[in-house]
Amino acid sequence: MQQYLDLLRHVRDHGVEKSDRTGTGTLSCFGWQMRFDLNTGFPAVTTKKLHFRSIIHELLWFLAGESNIRYLKENGVSIWDEWADENGELGPIYGVQWRSWPAPNGQRIDQIAKVVEQIRQTPNSRRHLVTAWNPGEVDKMGLPPCHILFQFYVAEGRLSCQLYQRSADIFLGVPFNIASYALLTHMVAQVTGLKPGEFIHTLGDAHLYLNHLEQADTQLSRSPLPLPQLRLNPDTHDLFAFRYEDIHIDGYQSHPHIPAPVAV
Ligand SMILES: Nc1nc(=O)c2c([nH]1)NC[C@@H]1CN(c3ccc(C(=O)N[C@@H](CCC(=O)O)C(=O)O)cc3)CN21
Ligand SMILES: O=c1ccn([C@H]2C[C@H](O)[C@@H](COP(=O)(O)O)O2)c(=O)[nH]1
């Protein structure tokens, strides 16, 4: 994951000091792009141990169209706790916009089901898009979406995905976001009969929180290890039928976990 370490090093060395909503303070750069060839291994950060359980459950929770952290809590995942209200509600965040975007005529649009169908029917289309940024609803969300727009692209039997992320917490959020979208790309490829291509990650405000600088240095002092492999249950051909047990990360070797406080 040299791409990730290059980003970490760049922002540490060239980021400008910028205050932020959470009051923590950041080093920040605007605009960055990383490319991951999904055929050379699963893009997991290896210079600290990643909690794949949280990443997998979070993606299945988005795909289920959920707005309440109940499912995450039932599965021991606490990464969204700080943003939920006393009933566990987050408002119309990712899952709701992905699966039931409210149209002006009162209908709900399932953007994910639609994009999968389009990839099957018209693979060459340049309209394979899903957007979570709904200007009419951002004020009702526990946290406005950070990964806001993604596009699929099919060429030579391979499915690629590009994500635009408006705001990127390089130490905590980005390793999760890379793994999550790489996993989603593999899952969509399997259910559309394609091979995985690339995951392209485009960042807007890419920042290192000032209370993550020591942790970033620790990571930069470590050498990346060989990438693991993703193994999906080959019998699953419906994107919404994937369960936790259908997803395996084989051969993950990593340096030890590095704890860091999350900015709320
Ligand atoms: N400041 C901030 N950074 C984020 O990355 C972030 C938010 N806020 N708010 C909403 C979601 C929640 N996400 C999070 C929240 C916490 C962790 C985190 O604490 N990760 C720990 C392990 C936690 C676990 O799996 O239980 C880590 O070491 O990666 C990661 C992503 C991503 N998002
Ligand atoms: O998937 C995610 C979700 C959130 N983040 C980070 C990016 C920022 O550090 C905060 C959001 O704060 P804003 O003030 O709304 O930008 O959460 C992430 O990196 N990945």
Side-chain angles (χ1 to χ4, degrees), residues 1 4 7-8 11 15 18-30 32 34 44-62 66-67 69 71-85 88-91 93-95 97-98 130 132-133 135 137-150 163-184 199 201-216 218-219 244 249 252 254-264:
M1 289 288 283
Y4 175 75
L7 165 67
L8 203 58
V11 176
K18 189 164 175 267
S19 59
D20 76 290
R21 177 186 54 79
T22 69
T24 312
T26 65
L27 290 180
S28 162
C29 293
F30 190 49
W32 189 264
M34 297 177 281
V45 166
T46 58
T47 43
K48 71 171 185 184
K49 188 171 184 183
L50 276 188
H51 286 174
F52 285 115
R53 255 176 39 76
S54 299
I55 296 169
I56 296 170
H57 280 304
E58 186 199 42
L59 179 62
L60 294 177
W61 174 70
F62 290 151
E66 301 272 352
S67 66
I69 58 171
Y71 167 87
L72 297 177
K73 304 298 284 175
E74 284 165 7
N75 289 284
V77 175
S78 55
I79 59 171
W80 276 99
D81 288 6
E82 286 89 344
W83 294 272
D85 70 13
E89 274 300 324
L90 285 157
I93 60 156
Y94 302 102
Q97 303 302 336
W98 285 13
V130 175
W133 188 265
E137 295 211 307
V138 278
D139 294 341
K140 293 196 269 168
M141 304 184 193
L143 189 74
C146 290
H147 38 106
I148 60 178
L149 175 79
F150 54 103
L163 169 68
Y164 185 81
Q165 183 165 346
R166 66 165 179 87
S167 177
D169 173 347
I170 296 172
F171 190 80
L172 281 180
V174 169
F176 271 50
N177 296 130
I178 297 168
S180 179
Y181 277 86
L183 171 57
L184 177 65
F199 170 57
H201 197 176
T202 303
L203 308 181
D205 185 321
H207 48 271
L208 253 178
Y209 283 104
L210 296 180
N211 58 359
H212 293 170
L213 296 182
E214 252 176 56
Q215 290 92 329
T218 304
Q219 256 191 300
Y244 184 77
I249 311 278
Y252 180 52
S254 77
H255 293 270
H257 182 246
I258 307 174
V262 67
V264 180

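All ligand and atom numbering here is 1-based and tracks the order in the structure.
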Visitor: Strictly distance-based, threshold 3.5 Å: is any side-chain N or O of Y209 a donor or acceptor partner for the main-chain N or O of P261?
Guide: no
Visitor: Which of the atoms in ligand 2, numbered in the order shown and given with their element, are less than 4.0 Å from a heavy-atom of H147?
Guide: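 Those qualifying, in numeric order: 1 (O).
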Visitor: Should you measure from each heavy atom of N177, which atoms of ligand 2 turn up under 4.0 Å away?
Guide: 1 (O), 2 (C), 18 (C), 19 (O), 20 (N)
Visitor: Taking heavy atoms and a distance under 4.0 Å, where does C146 meet ligand 2: side chain, backbone, both or neither?
Guide: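 The answer is the side chain of C146.
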Visitor: Considering only the protein, which heavy-atom contact is closest to atom 18 (C) of ligand 2, and what is its distance?
Guide: Q165 NE2, 3.6 Å
Visitor: Identify, by atom number and element, the atoms of ligand 2 in contact range of G173, meaning under 4.0 Å from any of its heavy atoms.
Guide: 19 (O)
Visitor: Using only atom types and a distance under 3.5 Å, with no angle test, would you say the side chain of Y244 pairs donor to acceptor with the backbone of L60?
Guide: no
Visitor: Select the closest option to atom 8 (C) of ligand 2 among P175, S167, S28, A206, judged by heavy-atom distance.
Guide: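 Shortest heavy-atom distance from atom 8 (C) of ligand 2: S167.
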Visitor: Test side chain to side chain contact (heavy atoms under 4.5 Å, CB included) on L213 and L208; report intermediate values, then the result.
Guide: CA-CA 7 Å; L213 296 182; L208 253 178; 4.0 Å; yes
Visitor: Which pair of non-hydrogen atoms, one from I148 and one from L163, has the smallest distance, and what is that distance?
Guide: N-CD1, 4.4 Å
Visitor: Checking a contact table here: which protein heavy atom is nearest atom 15 (O) of ligand 2, and how many Å away?
Guide: R166 NH2, 2.8 Å
Visitor: Report yes or no: is the cationic atom of K48 (NZ for Lys, CZ for Arg) closer than 6.0 Å to the six-membered ring centre of F171, at no more than 45° off its axis?
Guide: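 Yes, cation above the ring, under 6.0 Å and within 45°.
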Visitor: So which heavy atom on A44 is nearest to which on Y252, and how close?
Guide: CB-CE1, 3.9 Å
Visitor: Would P144 count as a contact residue for ligand 2, given that I'm defining contact as a non-hydrogen atom of the residue lying under 4.0 Å from a ligand atom?
Guide: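 The answer is no: ligand 2 sits nowhere under 4.0 Å from a heavy atom of P144.
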Visitor: Applying a heavy-atom cut-off of 4.0 Å, say which part of Y209 lies close to ligand 2: side chain, backbone, both or neither.
Guide: side chain
Visitor: With sequence neighbours left out, which residue pairs that include part of residues 171-183 fulfil the side-chain hydrogen bond (donor to acceptor under 3.5 Å, both in side chains) condition?
Guide: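 Counting only pairs at least two positions apart or across chains, the side-chain hydrogen bond (donor to acceptor under 3.5 Å, both in side chains) contacts touching residues 171-183 are H147-Y181, Q165-N177.
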Visitor: Tell me if a side-chain donor or acceptor on H212 pairs with a main-chain N or O of L210 at a distance below 3.5 Å.
Guide: no
Visitor: Any donor-acceptor pair under 3.5 Å linking the side chain of R166 with the backbone of L149?
Guide: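 No, the answer is negative, given that no donor and acceptor are paired below the 3.5 Å cut-off.
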Visitor: Is it the case that over 12 heavy atoms from other parts of the model lie below 6.0 angstrom from the CZ atom of F30?
Guide: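 No, not enclosed.
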Visitor: Considering only protein heavy atoms, which is closest to atom 12 (O) of ligand 2, and at what distance to one decimal place?
Guide: R21 NH2, 2.8 Å
Visitor: Would a line drawn from the ring center of W133 to the ring center of Y164 be shorter than 6.0 Å?
Guide: no
Visitor: For D20 and T26, test the side chains for any donor-to-acceptor distance below 3.5 angstrom and give the result as yes or no.
Guide: no
Visitor: Under a 4.0 Å heavy-atom cut-off, which residues neighbour ligand 1?
Guide: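 Protein residues near ligand 1 are H51, S54, I79, W80, W83, L143, D169, L172, G173, F176, Y209, H257, V262, A263.
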Visitor: Can you tell me which residue and heavy atom of the protein come closest to atom 6 (C) of ligand 2, and the distance to 0.1 Å?
Guide: D169 CB, 3.7 Å
Visitor: Using a heavy-atom cut-off of under 4.0 Å, does the side chain or the backbone of D205 touch ligand 2, or both, or neither?
Guide: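 The answer is neither.
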Visitor: Hey, is ligand 2 close enough to Y94 that some N/O pair sits below 3.5 Å?
Guide: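 N/O-N/O distance under 3.5 Å: no.
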